[in-house]
Student: 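Here's a structure for you.
Note that the coordinates shown come from a computational prediction; the quantities given were computed from them, not determined experimentally. The sequence lines fix the lettering, A, B, ..., with proteins before strands; numbering per chain opens at 1.
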Protein chains: 2
Amino acid sequence: MSDVRETVLELARAARAAARNMQAVSGAAKERALLRLAELLDERRDEILEANAADLAAAEKAGLTGPKLGRLGLDERTLADLRKGLAQVAAMPDPVGEISEMRTLPNGLQVGRMRIPLGVIGFIYESRPGATVEAAGLSLKAGNAIVLRGGKEALRSNTLLVRLFQEALRENGLPPEAVQLVGVTDRAAVLEMLQLDELIDLIIPRGGEGLIRLVAEHARMPVLYHAKGVNHLYVDEDANLDMALRIAHNGKVQRPGVCNALEALLVHRAVAADFLPRLEARMVESGVELRAHENALPYLKNAKPASADDWGREFLDLILAVKVVEDLDEALEHIARYGSHHTEVIVTEHYARARRFLREVDASLVLTNASPRFNDGFQLGLGAEIGISTTKLHAYGPMGLRELTTTKFVAFGDGQVRG
Amino acid sequence: MSDVRETVLELARAARAAARNMQAVSGAAKERALLRLAELLDERRDEILEANAADLAAAEKAGLTGPKLGRLGLDERTLADLRKGLAQVAAMPDPVGEISEMRTLPNGLQVGRMRIPLGVIGFIYESRPGATVEAAGLSLKAGNAIVLRGGKEALRSNTLLVRLFQEALRENGLPPEAVQLVGVTDRAAVLEMLQLDELIDLIIPRGGEGLIRLVAEHARMPVLYHAKGVNHLYVDEDANLDMALRIAHNGKVQRPGVCNALEALLVHRAVAADFLPRLEARMVESGVELRAHENALPYLKNAKPASADDWGREFLDLILAVKVVEDLDEALEHIARYGSHHTEVIVTEHYARARRFLREVDASLVLTNASPRFNDGFQLGLGAEIGISTTKLHAYGPMGLRELTTTKFVAFGDGQVRG
């Protein structure tokens with residue numbers, strides 16, 4: 001057995017044992033551990049910033065630049081945000097043990113569904129070290145053990161953060177093996193994790209499309225992920241065009257590099273001549289490049305013609321594809337063909353078309369008259385999220401506490417048998 | 001491209017297109033189609049029984065015997081049961097479009113979860129042709145398309161039943177491609193289905209362990225299944241022994257060949273001398289063979305010593321493994337090691353131990369003082385089931401209408417953007 005294999009296997013076995021112990025743990029103990037970690041992030045701040053500085057220096061030396069380097073950094077403010085996040089998760093009601101849909105059968109047997117942890121979660125992610133704390137915090141609150149495998153650039157930061165997490169667990173009588181980091185940063189470690197379907201119940205990959213594809217292809221256990229966010233805005237013939245403009249701008253410009261950004265705009269033929277020149281003026285002002293279908297070009301002064309592969313493309317940049325459509329049907333067709341089941345928006349004042357769009361579009365969040373930016377765990381009321389899923393089974397949309405649990409049936413009898 | 005590949009691909013593509021059309025379909029139309037099928041099962045009874053007789057004759061000629069041959073048969077009574085089942089499913093509230101957990105954000109945006117179909121389901125099953133009608137009926141009510149792949153012994157029956165289903169769909173303006181049968185009965189067709197993760201959203205295999213393993217290993221899409229039911233009864237020191245006896249007998253004898261049967265009994269040391277001789281007397285009367293751990297043998301007159309592989313074994317026969325345990329902890333350990341996450345029972349009058357067992361045992365149904373036979377969709381209030389899942393994600397336990405759907409987030413705004 002290779003060293004990598006042995007290391008990963010040992011971690012996963014310890015996680016499985018910890019997950020079993022977690023079943024008997026009280027909500028209060030989990031809460032205390034989360035709050036203790038928040039304290040440790042404050043008390044050991046200098047140590048954390050030092051480890052992170054070493055990561056940053058090494059990454060810079062290795063040629064990392066721009067947003068990738070930026071995401072790697074921790075500072076007073078990100079630490080404060082992490083502490084706040086931990087306090088919020090700690091304060092949430094414990095999902096474990098909640099019994100719902102209790103009913104009494106004619107024979108007196110009471111049956112219901114009890115919420116329980118999933119077991120062991122594998123979280124495979126790229127550079128941002130804050131994700132280590134957030135993912136492990138949610139996992140713990142849900143009663144799971146987690147095996148973390150972060151990027152190699154963040155290894156020093158992640159190692160320390162996980163050590164602090166384990167300290168907080170140990171101090172509160174919880175198994176420290178409930179939060180573990182795979183310290184081997186080459187790809188072999190990921191591939192080993194993906195084989196362990198007996199020990200890891202769910203894999204959540206978070207990162208670029210390459211990572212997601214690798215995981216989805218090789219995992220022997222269930223995987224929840226979103227590969228990309230190719231999100232559309234359909235401006236209906238009965239749209240409030242001022243509103244459409246505001247939503248389009250917010251969808252594209254607020255944070256172009258994240259998955260809930262707008263990537264394409266479809267506009268009804270009847271309002272194209274009115275809307276598109278205004279769109280162009282507003283977008284050009286913010287440095288956005290428009291790539292237009294030939295049917296939209298006549299309404300735009302500086303747009304580039306879109307190429308065939310600009311449809312269904314996640315630009316993650318100040319670029320927006322634009323097309324004129326005949327009607328709602330064509331918009332629905334286009335979205336069904338090119339969308340990535342992430343976030344889709346209609347702007348309209350027309351009741352029936354709004355209803356139809358909401359019902360027929362297959363995406364994790366479908367909005368009427370609002371920005372795609374609301375596809376986010378905090379915004380949708382989940383409290384915190386470990387990622388967004390566009391896989392439809394188990395979780396579709398942001399994954400919060402509930403998505404890290406499941407339910408089993410429980411029955412309370414007094415001797416019932418079946419005839 | 002091979003012929004098998006092409007055939008399966010064509011069916012799955014048609015199912016995908018049908019699934020998209022199903023999104024716009026009314027609950028009333030689905031209800032009418034289900035009731036029309038129930039009528040057709042009556043009107044075309046002779047034709048169905050004739051096709052089934054041909055299947056039975058061919059199967060007998062091919063050497064099929066016993067329960068396998070029995071399961072293949074349809075008669076007036078099974079047809080009446082199927083009609084009744086269809087009427088029940090038709091009468092259930094339409095799950096599609098139901099919006100839950102609606103809340104209003106501080107900015108006035110209303111967000112909630114809308115229940116939607118999963119899309120295309122692949123159902124791979126063995127001989128019982130009634131399963132064709134039941135699975136397709138539930139799938140339709142949930143708004144999905146289904147690709148059925150039944151066993152070769154039932155091909156004539158299944159072909160006719162699917163044709164009737166398509167007639168019922170067509171007459172009610174629904175796409176007949178929403179219910180399709182893969183007519184190729186060799187294994188290659190199954191393997192082709194399992195590759196089509198772009199066209200089939202979920203695979204449900206139902207049958208022997210060999211089939212389940214094949215599917216779980218090769219499927220590129222999510223799979224929900226139970227491999228086996230190794231179900232335990234723990235008789236606590238504070239058990240009502242009469243009740244324990246009744247539940248043990250019902251669990252073993254009522255239908256030994258199905259997945260919710262009892263396979264092993266663990267009894268607390270303090271009551272072993274009292275309980276085990278009574279258990280033996282009652283079980284021997286019903287022809288049950290006891291296979292005892294060496295620590296149980298002294299209490300039993302005619303039991304065979306259990307071999308190491310009798311623990312964790314699904315006998316599906318009149319055989320019961322028996323062991324004495326020191327306490328609840330040892331019972332929990334044993335179940336964690338040998339159970340198959342299907343159904344586990346404690347018999348006790350002790351409050352805290354009942355609570356602990358319910359909480360800590362990881363199985364799709366955990367019961368106190370009741371028979372494992374209640375692990376069944378009808379009994380647990382799901383109305384009807386397409387199988388039982390012991391995979392924890394999405395569905396844990398019997399899978400009914402709800403488990404064949406998912407939810408997406410929907411948002412109703414009036415121009416909200418994020419700052």
Side-chain angles (χ1 to χ4, degrees), chain A residues 20 23-24 97 101 103 105 109 111 113-114 116 118-119 201-202 222 224 240 242-243 246-247 249-251 254 336 354 356 358-360 362-371 373-375 379-381 391-394 396-398 406-419, chain B residues 20 23-24 97 101 103 105 109 111 113-114 116 118-119 201-202 222 224 240 242-243 246-247 249-251 254 336 354 356 358-360 362-371 373-375 379-381 391-394 396-398 406-419:
Chain A
R20 246 208 91 201
Q23 287 175 320
E101 296 170 62
R103 55 197 291 282
L105 305 187
L109 186 69
V111 298
R113 293 180 192 245
M114 182 190 280
I116 56 171
L118 277 178
D201 297 288
L202 165 66
L224 294 179
N240 171 333
D242 292 337
M243 186 194 287
R246 210 159 59 235
I247 290 174
H249 188 264
N250 186 248
Q254 190 224 15
R356 200 174 150 211
L358 277 184
R359 173 151 183 164
E360 293 186 28
D362 184 3
S364 79
L365 172 61
V366 187
L367 306 106
T368 307
N369 298 339
S371 167
R373 298 302 179 180
F374 292 100
N375 202 349
Q379 297 294 329
L380 294 176
T391 46
K392 293 170 83 167
L393 239 71
H394 187 76
Y396 197 22
T406 187
T407 59
K408 68 182 174 192
F409 286 92
V410 290
F412 301 86
D414 26 45
Q416 284 83 354
V417 296
R418 276 182 76 187
Chain B
R20 246 209 90 200
Q23 287 175 320
E101 297 171 61
R103 54 196 290 282
L105 305 186
L109 186 68
V111 298
R113 294 180 192 245
M114 182 190 280
I116 56 171
L118 277 178
D201 297 288
L202 166 66
L224 294 178
N240 171 332
D242 292 338
M243 185 194 287
R246 209 160 58 236
I247 290 174
H249 188 266
N250 186 249
Q254 190 223 18
R356 203 177 147 209
L358 277 183
R359 173 152 183 165
E360 292 185 28
D362 183 3
S364 79
L365 171 61
V366 187
L367 306 107
T368 307
N369 297 340
S371 168
R373 297 304 180 179
F374 292 100
N375 203 347
Q379 297 294 329
L380 294 176
T391 46
K392 293 171 83 169
L393 239 72
H394 187 75
Y396 198 22
T406 188
T407 59
K408 68 183 175 191
F409 286 92
V410 291
F412 301 86
D414 27 46
Q416 285 83 354
V417 297
R418 277 182 76 186

Student: Tell me, please, which residues at least two apart from B:Arg113 pass salt bridge (Lys or Arg N to Asp or Glu O under 4.0 Å).
Tutor: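 For B:Arg113 the salt bridge (Lys or Arg N to Asp or Glu O under 4.0 Å) partners, ignoring immediate neighbours, are A:Glu403, B:Glu101.
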
Student: I need the residue from A:Asp201, A:Thr368, A:Asp362, A:Leu202 with the largest number of non-hydrogen atom pairs under 4.5 Å to chain B.
Tutor: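 Ranked by contacts with chain B, first place is A:Thr368.
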
Student: In terms of heavy-atom proximity below 4.5 Å to chain A, should B:Arg20 be classed as side chain, backbone, both, or neither?
Tutor: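 Interface part for B:Arg20: side chain.
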
Student: Heavy-atom distances under 4.5 Å only: say whether B:Ala354 touches chain A with side chain, backbone, both or neither.
Tutor: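 Neither part.
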
Student: Nearest 0.5 Å, please: how far is CG in A:Asp414 from CE in B:Met243?
Tutor: 6.0 Å

Student: Using non-hydrogen atoms only, which part of B:Leu380 is less than 4.5 Å away from chain A: side chain, backbone, both, or neither?
Tutor: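 The answer is both parts of B:Leu380.
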
Student: Taking all non-hydrogen atoms of both residues into account, name the closest pair between B:Gln416 and A:Phe374 and its distance.
Tutor: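 Looking at all heavy atoms of both residues, the shortest contact is O-CE1, 3.5 Å.
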
Student: Do B:Thr406 and A:Leu393 have side-chain heavy atoms sitting under 4.5 Å apart?
Tutor: no

Student: So for A:Gln254, is it side chain, backbone, both, or neither that comes closer than 4.5 Å to the heavy atoms of chain B?
Tutor: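 Side chain of A:Gln254 only, per the 4.5 Å heavy-atom cut-off to chain B.
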
Student: Given that the side chain runs from C-beta out, which part of A:Arg246 has a heavy atom under 4.5 Å from chain B: side chain, backbone, both or neither?
Tutor: both

Student: Would you mind checking which part of A:Val111 comes under 4.5 Å of any heavy atom in chain B, side chain (CB onward), backbone (N, CA, C, O), both or neither?
Tutor: side chain

Student: Give the minimum heavy-atom separation between B:Phe409 and A:Pro398, together with the two atoms involved.
Tutor: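 Shortest heavy-atom separation between B:Phe409 and A:Pro398 comes out as CE1-CD, 3.7 Å.
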
Student: Under a 4.5 Å heavy-atom cut-off, does chain B meet the side chain of A:Leu358, its backbone, both or neither?
Tutor: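 For A:Leu358, the contact with chain B is made by backbone and side chain together.
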
Student: Is chain A contacted by the side chain of B:Leu109, its backbone, both, or neither, given a heavy-atom distance below 4.5 Å?
Tutor: side chain

Student: Can you tell me how far NE2 of B:His394 sits from CG of A:Leu224, rounded to the nearest 0.5 angstrom?
Tutor: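 Atom-to-atom, A:Leu224:CG and B:His394:NE2 are 11.0 Å apart.
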
Student: Is a side-chain donor or acceptor of B:Arg359 paired with a backbone partner of A:Gln23 at a separation under 3.5 angstrom?
Tutor: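 Yes: the side chain of B:Arg359 pairs with the backbone of A:Gln23.
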
Student: Do B:Ile116 and A:Lys392 touch side chain to side chain, with heavy atoms closer than 4.5 Å?
Tutor: yes

Student: Keeping A:Arg418 on the side-chain end and B:Arg373 on the backbone end, is there a donor-acceptor pair under 3.5 Å?
Tutor: yes

Student: If I measure from the heavy atoms of chain A, does B:Asn369 come under 4.5 Å with its side chain, its backbone, both, or neither?
Tutor: both

Student: Restricting to non-hydrogen atoms, name the atom on A:Glu360 and the atom on B:Ala24 that form the minimum distance, rounded to 0.1 Å.
Tutor: OE2-CB, 3.4 Å

